[in-house]
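Both counts, for ligands and for their atoms, begin at 1 and track the order of listing.
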Amino acid sequence: MIIIWSHLVLPLFSVSFKVFKITKWDGLKVTWGPNPEAPGVFTKQPETEKEALAAGFEKINECEARYPWKGSRYLKNGDRSLMLLYDVAGYIAGIQAQVPENQPNGFPSTYQRPPFVKDGSFWTITVYFTDPSKICTTGRTAEEFKQQGIGSNLYIQNSTRPKDSIIIPRNETGLANSLWKKGPCFPMMGTHYWWNQSEDLSCDQTFPVFLFYTGQQLVGFGWAFVTNLSSPNYEHPPAILYKMFMNPVPKCLMTSGVTTSMHIYLTSQPEKITC
Ligand SMILES: *[C@@H]1O[C@H](CO)[C@@H](O)[C@H](O)[C@H]1NC(C)=O
Ligand SMILES: *[C@@H]1O[C@H](CO)[C@@H](O)[C@H](O)[C@H]1NC(C)=O
Ligand SMILES: *[C@@H]1O[C@H](CO)[C@@H](O)[C@H](O)[C@H]1NC(C)=O
Ligand SMILES: *[C@@H]1O[C@H](CO)[C@@H](O)[C@H](O)[C@H]1NC(C)=O
């Protein structure tokens, strides 16, 4: 009997150990694709200003109080789908995407501005990985960067003032009784959460940031734009697949045309995310 039980119990234990444990956010990667080995899928991003320069990014703004975001800002090849923010010490601090104004369908709607904030001829959306109030003052120490990796928390800027950002719980249980609505889990993405989603949600009122968790741990977030934008960093999920990420799928999405998304991973190993 004892021998039989040990055979039963051991596999159960090994299953529970398969949960992908996120001890720290040890990497920043963007863009999901069905083949994790394909170019342009799970693309590693530079974690320091020095690495950004070496990777061919160029600085377009310094950390300055007058901007409605925090961080010195970098982009590569003029591609505004992916703008990286670094603190005054040169450590990664946040990420932005920009949508050119005058999209044919008017995205982002006035309801969505903020979180979209005007920046020249673009609408900008910003998420920080560290306390925005420190990004342009002290930045992180070498010790904090070593301990935390990409950051300490997710701060979604939902106003023109970075300090008013929303802090997202790193433990999925922290979303219970909130307006974040749970969607299905998808391998190499995790369990999705969408803000205040319902069948009758208007496509003018979708929140353009979603979250995803694995083993109850926040492992990433993404952009979801109801407009057709072009960049190798963007994903264009076919409408028939929306139900694999959302529950319920807002009806308006079935007639809103091509949408644009980007999964942003706070781990060096997105391929380890299981369901
Ligand atoms: C963003 O701000 C708007 C306006 O204040 C608010 O209605 C909405 O609930 C906020 N979104 C989130 C995700 O907290
Ligand atoms: C949530 O969605 C409902 C229905 O679409 C809407 O009436 C309500 O104002 C929304 N709440 C927030 C905080 O966005
Ligand atoms: C999340 O919080 C719950 C409730 O406090 C706890 O039981 C669980 O172990 C936590 N999960 C992780 C991954 O920390
Ligand atoms: C979406 O944009 C791409 C690139 O600009 C274009 O090739 C494609 O035809 C557009 N799709 C639709 C349905 O408009």
Pairs under 3.5 Å, N/O atoms on ligand 3 and on the protein: can you put them in a table with the distances?
| residue | atom | partner | partner atom | Å |
| --- | --- | --- | --- | --- |
| ligand 3 | 2 (O) | Asn171 | OD1 | 3.4 |
| ligand 3 | 2 (O) | Asn171 | ND2 | 2.3 |
| ligand 3 | 2 (O) | Thr173 | OG1 | 3.2 |
| ligand 3 | 11 (N) | Asn171 | ND2 | 3.0 |
| ligand 3 | 11 (N) | Gln216 | OE1 | 3.0 |

(Q) Determine whether a donor-acceptor pair (N or O, by modelled atom type, separation under 3.5 Å) exists between the side chain of Lys24 and the backbone of Ile150. (A) no

Q: Enumerate the residue pairs fulfilling side chain to side chain donor-acceptor pair (under 3.5 Å) with a member in residues 128-139, sequence neighbours excluded, ordered by first and then second residue.
A: Tyr128-Gln157, Asp131-Ser133

(Q) Going by salt bridge (Lys or Arg N to Asp or Glu O under 4.0 Å), name the pairs with one or both residues in residues 112-126, residues two or more places apart or in two chains. (A) Arg73-Asp119, Glu101-Lys118

Q. Does Asn158, backbone or side chain, put an N or O under 3.5 Å from an N or O of ligand 1?
A. yes

**Q.** Sub-4.0 Å atoms of ligand 2 with respect to non-hydrogen atoms of Leu179
**A.** 13 (C)

Q: Have a look at Trp180 and tell me which of Tyr193, Phe212, Trp195 forms a ring-ring contact (aromatic ring centres under 6.0 Å, His included) with it.
A: Trp195

Q: Would you list the pairs meeting salt bridge (Lys or Arg N to Asp or Glu O under 4.0 Å) in which at least one residue belongs to residues 183-201, sequence neighbours left out?
A: Asp200-Lys251

Q: Kindly state whether the ring of Tyr91 and the ring of Tyr86 have centres lying under 6.0 angstrom apart.
A: no

Q: Just jot down the ligand 1 atoms closer than 4.0 angstrom to any heavy atom of Phe207, in number order.
A: 11 (N), 13 (C)

(Q) Applying a heavy-atom cut-off of 4.0 Å, say which part of Asp200 lies close to ligand 2: side chain, backbone, both or neither. (A) neither

**Q.** CH2 on Trp194 to CG on Leu211, rounded to 0.5 Å
**A.** 9.5 Å

